[in-house]
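Right, one structure below, let's go through it.
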Amino acid sequence: MTTRACPCGLPEPYPACCGRYHRGEAAAPTAEALMRSRYSAFVKGDTDYLLRTWHPRTRPARLDPDPRMRWTGLEIIGTSDGSAFHSTGTVTFRASYRGGALQEHSRFERVGGAWVYVDGDFPDA
């Protein structure tokens, strides 16, 4: 049996890649790793992880993703800061879905030492 690559686009199998973040076994070490893990959470329908990794200041009370949405790929366009040596960072990405794609410039901050998603702009909108 072969294990498929993680939905985030990296070649590692999901359990060893984003799965460990989703299960709470590790925290994403960079803003990009968090962004990738959040994309994978959207693919997997893991709203608990999405809410857990959202900045308390901007987090919605709940998420109701469309169960018919089929995410098909992630492309990281660029990053700024967001490493272990930073307290903020940005990631610009394109997430493809059946029927289209969205591009977002996302902002991340560290809260209690862990990276969280703050908000984003949609340059194509």
Side-chain angles (χ1 to χ4, degrees):
M1 177 178 137
T2 60
T3 305
R4 297 180 62 187
C6 191
C8 79
L10 296 177
E12 290 85 11
Y14 168 76
C17 193
C18 293
R20 62 193 167 128
Y21 305 138
H22 296 174
R23 292 187 306 273
E25 296 169 0
T30 65
E32 180 182 336
L34 181 66
M35 196 313 28
R36 287 179 178 279
S37 71
R38 287 176 56 81
Y39 171 82
S40 290
F42 273 107
V43 171
K44 299 284 188 179
D46 189 343
T47 56
D48 288 341
Y49 181 78
L50 291 166
L51 291 169
R52 208 169 52 243
T53 57
W54 210 309
H55 197 291
R57 184 177 74 240
T58 57
R59 177 177 44 228
R62 58 184 257 193
L63 283 178
D64 295 312
D66 182 346
R68 296 167 297 169
M69 176 65 87
R70 296 293 176 251
W71 297 101
T72 59
L74 176 67
E75 175 189 358
I76 302 298
I77 298 168
T79 63
S80 171
D81 298 336
S83 77
F85 303 104
H86 299 106
S87 58
T88 62
T90 65
V91 179
T92 302
F93 67 92
R94 182 175 297 110
S96 300
Y97 55 90
R98 192 179 324 146
L102 72 83
Q103 185 169 317
E104 181 175 330
H105 179 76
S106 300
R107 285 176 284 282
F108 298 87
E109 290 181 14
R110 283 187 186 268
V111 172
W115 285 107
V116 293
Y117 170 78
V118 177
D119 61 15
D121 299 318
F122 301 94
D124 289 344

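Keep in mind it's a predicted model, so treat the numbers as computed, not measured.
Side-chain contact check for Glu104 and Ser106: at least one donor-acceptor pair (N or O, by modelled atom type) lies under 3.5 Å.
Identified under the ring-ring contact (aromatic ring centres under 6.0 Å, His included) test for residues 80-100, with sequence neighbours left out: Trp71-Tyr97.
For the pair Trp54 and Pro60, the minimum side-chain heavy-atom distance is below 4.5 Å. Side-chain contact between Ile76 and Arg36 is present, with heavy atoms from C-beta onward closer than 4.5 Å. At a threshold of 4.5 Å between non-hydrogen side-chain atoms, the residues Glu109 and Arg57 count as touching. Two residues are said to be in side-chain contact when any heavy atoms from C-beta on lie closer than 4.5 Å; Cys18 and Pro7 fail this criterion. In this structure, Thr88 and Arg107 have side chains that are not in contact, with every pair of non-hydrogen atoms separated by 4.5 Å or more.
Side-chain atoms of Arg23 come within 3.5 Å of backbone N or O of Pro15 as a donor-acceptor pair. Side-chain atoms of Arg59 come within 3.5 Å of backbone N or O of Leu51 as a donor-acceptor pair. Between the side chain of Tyr39 and the backbone N or O of Gly73 there is at least one donor-acceptor pair closer than 3.5 Å. Here the side chain of Ser40 pairs a donor or acceptor atom with the backbone of Cys8 at under 3.5 angstrom.
Qualifying side chain to side chain contact (heavy atoms under 4.5 Å, CB included) partners for Ala28, counting only residues two or more places apart in sequence or in other chains: Tyr21, Ala33, Leu34.
The two residues Ser83 and Trp115 have their closest heavy-atom pair at O-CZ2, 3.3 Å. In this structure, Thr58 and Tyr117 approach most closely via the heavy-atom pair OG1-O, 4.1 Å. Nearest heavy-atom pair, Ala5 versus Leu10, reported as atom, atom and distance to 0.1 Å: CB-O, 3.7 Å.
Between the NE2 atom of His105 and the CG atom of Asp119 there is a distance of 9.5 Å, given to the nearest 0.5 Å. The distance from the CZ atom of Arg20 to the OG atom of Ser37 is 10.0 Å, given to the nearest 0.5 Å. A distance of 11.0 Å separates CD in Glu32 from OG1 in Thr90, rounded to the nearest 0.5 Å.
Partner of Arg38 under the side chain to side chain contact (heavy atoms under 4.5 Å, CB included) criterion, out of Val43, Leu50, Leu74: Leu50 alone.
Following chains of ILVMFWY side-chain contacts shorter than 4.5 Å, one cannot reach Phe122 starting from Val118, and the two form parts of different hydrophobic clusters. Hydrophobic clustering (side-chain heavy atoms under 4.5 Å, transitive across Ile, Leu, Val, Met, Phe, Trp, Tyr) keeps Ile77 apart from Met35.
Note: His22 and Tyr14 have tilted aromatic rings, judged against thresholds of 30 and 60 degrees for the angle between ring planes.
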